[in-house]
Amino acid sequence: MTSNHWPSMRPTLIDYGRLLDGITLEGELLAQFAASAGPDLEVPGRPGITVADTVLLTGTAYRRALAWIRHGEQPDEWQRPPVEGAGDVIAFHTDGRRELVAELSAHRPDEPCATWWPAHRTYGFWRRRMAHETAVHRVDVQAAAGVAPTPVDPDFAADGIDETLLLWFGHQMAERNVTATESGAVGVEAAGRAWLAILSRARSSARRAPAVDARAADALVTGDPMNVYLWLWGRVPDQAVDTTGDFEASAQLWGLLRLATPTTIV
C-alpha cells in the first residue's frame, strides 16, 4: 500500500475502530438535527443546498460506497429512489448508514478492498472516508439549523486534516487536473501535528512533518483542530484560524481545495 505520493507510515492517525464508530455517532447527530431543523432550510455558504439535500447526499454516498465495495469498481451514476417527506429522507440516510456500517464491521480494516485511492485499497479506507464524509455534512446540517457545530475530539479532527491534505489536496487535485497558479508552500499545524502542502503548477502534494520549518513555508495556518479541519473543508471563515506569512499562499490552498473537493464527498 505504498506509492510515491503516500507517506511511509500508517494511513490514519487514529484507530479504525474509532472511525467506524464515528460513522454511526456522526450519522445519528446528523439525523437528529435534520429532524429538528426542517428539510427546506439552506446550508450557509452552500447556495441551493438544503438540509434535505444534505441528508440525501450522505445517504447516497453510503450506498455508492457499498456498491463500490461489493462490486469492486466505481458504481455507475447512482439513481436515488424517490423519497417523500422529511421522515423518508432521514430513513433513507439511516438505512444506508446502517447497511454500510454492517458491511464494514464484517471485514478487518486491513483487508484488501476496492477504493478510489491506489495508495490505500483496504476496508479501512472506507471507514475513514465515510466517518469524515458524515462529520462534515453533520456540520452543514447544524449550520442550517443555526446551531454551533458539536466539537469532535482533537485527534479525530487531526485525522480529518490529514485526510483532506493527503487524499484530496495531494491526490484528488491531480485526478481533477487542478494545479496551482503560483508555486509555494503552506504549513498547517493543529493538535500537536504538522503538515506541509506544496503548491505547484505541475503536481501539488502534501506530507506530514515533525514540525513546520518557517524557511520551507510561505504561510502557516494554525488553530483549534476542529476549526482547522472545517476551514480546510470550507465550512468556517478565515477568522476561525490563525494565519501568518503570505496570506495569498494560504488563500490559494483554500481555493484549490474547493476545486478538489466535490459537493458530495464520497
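Predicted, not measured: the structure shown is a model, and the values here were computed from it. Counting begins at 1 with the first residue of the sequence.
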*Got a donor-acceptor contact below 3.5 angstrom from the Arg193 side chain to the Arg208 backbone?*
no
Review item, side-chain donor-acceptor pairs of residues 27-44, under 3.5 Å, at least two apart:
residue, atom, partner, partner atom, Å
Ser36, OG, Phe33, O, 3.2
Glu42, OE1, Gly48, N, 3.3

*salt bridge (Lys or Arg N to Asp or Glu O under 4.0 Å) partners of Asp238, counting only residues at least two apart*: none
*Show the numbers, then the answer: is there a side chain to side chain contact (heavy atoms under 4.5 Å, CB included) between Arg129 and Trp116?*
CA-CA 11 Å; Arg129 177 80 290 283; Trp116 50 265; 3.7 Å; yes
*If you measure from CZ on Arg10 to CG on Asp162, what distance do you get to the nearest 0.5 Å?*
10.0 Å
_Donor-acceptor check, side chain of Thr122 to backbone of Pro109, threshold 3.5 angstrom: yes or no?_
yes
*asked:* Once side-chain contact (heavy atoms from CB on, under 4.5 Å) is applied, do any residues pair with Glu111, and if so which ones, sequence neighbours excluded?
replied: His107, Arg108, Tyr123
*Tell me, which pairs form a side chain to side chain donor-acceptor pair (under 3.5 Å) where one or both residues lie in residues 240-256, sequence neighbours left out?*
Thr181-Gln252
Under 3.5 Å donor-acceptor pairs involving side-chain atoms of residues 212-229, not counting sequence neighbours:
residue, atom, partner, partner atom, Å
Asp213, OD1, Arg215, N, 2.9
Asp213, OD1, Arg215, NE, 3.2
Asp213, OD2, Arg215, NE, 3.4
Asp213, OD2, Arg215, NH2, 2.9
Asp218, OD2, Ala185, N, 2.8
Asp224, OD2, Met226, N, 3.0
Asp224, OD2, Asn227, N, 3.2
Asn227, ND2, Ala240, O, 3.3
Tyr229, OH, His132, ND1, 2.8

_For Glu26, the option from Asp21, Val152, Val139, Thr58 that meets side-chain contact (heavy atoms from CB on, under 4.5 Å)_ = Val152
*Measuring from Leu166:CG to Thr12:OG1, what's the distance to the nearest 0.5 Å?*
11.5 Å
*Glu182: salt bridge (Lys or Arg N to Asp or Glu O under 4.0 Å) partners, not counting sequence neighbours*: Arg201
*asked:* Is there a side-chain contact between Asp155 and Leu13 in this structure, where contact means two heavy atoms from C-beta onward sitting under 4.5 Å apart?
replied: no
*Less than 4.5 Å apart, any side-chain heavy atom of Arg18 and any of Arg127?*
no
*Verify, without hydrogens or angle tests, whether Arg121 (side chain) and Pro112 (backbone) share a donor-acceptor contact under 3.5 angstrom.*
no
*Can you sort out the partners of Phe169 under ring-ring contact (aromatic ring centres under 6.0 Å, His included), two or more places apart, ordered by chain and number?*
none
_salt bridge (Lys or Arg N to Asp or Glu O under 4.0 Å) against Arg97, all qualifying residues, sequence neighbours excluded_ = none
_Connecting only ILVMFWY residues whose side-chain heavy atoms lie within less than 4.5 Å of each other, what is the rest of Phe247's hydrophobic cluster?_
none
_Quick one, Arg138 and Thr150 - any side-chain contact, counting heavy atoms below 4.5 Å?_
yes
*No-hydrogen, no-angle side-chain donor-acceptor test under 3.5 Å, Thr261 and Trp233*: no
_Leu165 CG to Ile161 CD1 distance, which is reported to the nearest 0.5 Å_ = 7.5 Å
*Is any side-chain heavy atom of Leu56 closer than 4.5 Å to a side-chain heavy atom of Phe92?*
yes
*When you measure from the side chain of Asp53 to the backbone N and O of Thr50, does any donor-acceptor pair fall under 3.5 Å?*
yes
_salt bridge (Lys or Arg N to Asp or Glu O under 4.0 Å) against Asp159, all qualifying residues, sequence neighbours excluded_ = Arg128
*Check whether any side-chain N or O of Arg176 sits under 3.5 Å from a backbone N or O of Ala260 as a donor-acceptor pair, and report yes or no.*
yes
*Kindly give the cluster partners of Leu25, where membership spreads through any ILVMFWY side chain lying under 4.5 Å from a current member.*
none
_N/O donor-acceptor pair under 3.5 Å between Thr54 side chain and His137 backbone_ = no
*With a 4.5 Å heavy-atom cut-off, do His93 and Tyr62 have their side chains touching?*
yes
*For Arg70, all residues meeting side-chain contact (heavy atoms from CB on, under 4.5 Å), sequence neighbours excluded*: Leu66, Glu99, Glu103
_Side-chain heavy-atom pair Phe125, Leu167 within 4.5 angstrom cut-off_ = yes
*Where is the tightest heavy-atom contact between Arg64 and Pro75, given as atom of each residue plus distance?*
O-CG, 3.7 Å
*4.5 Å side-chain heavy-atom contact, Asp153 and Ile14*: no
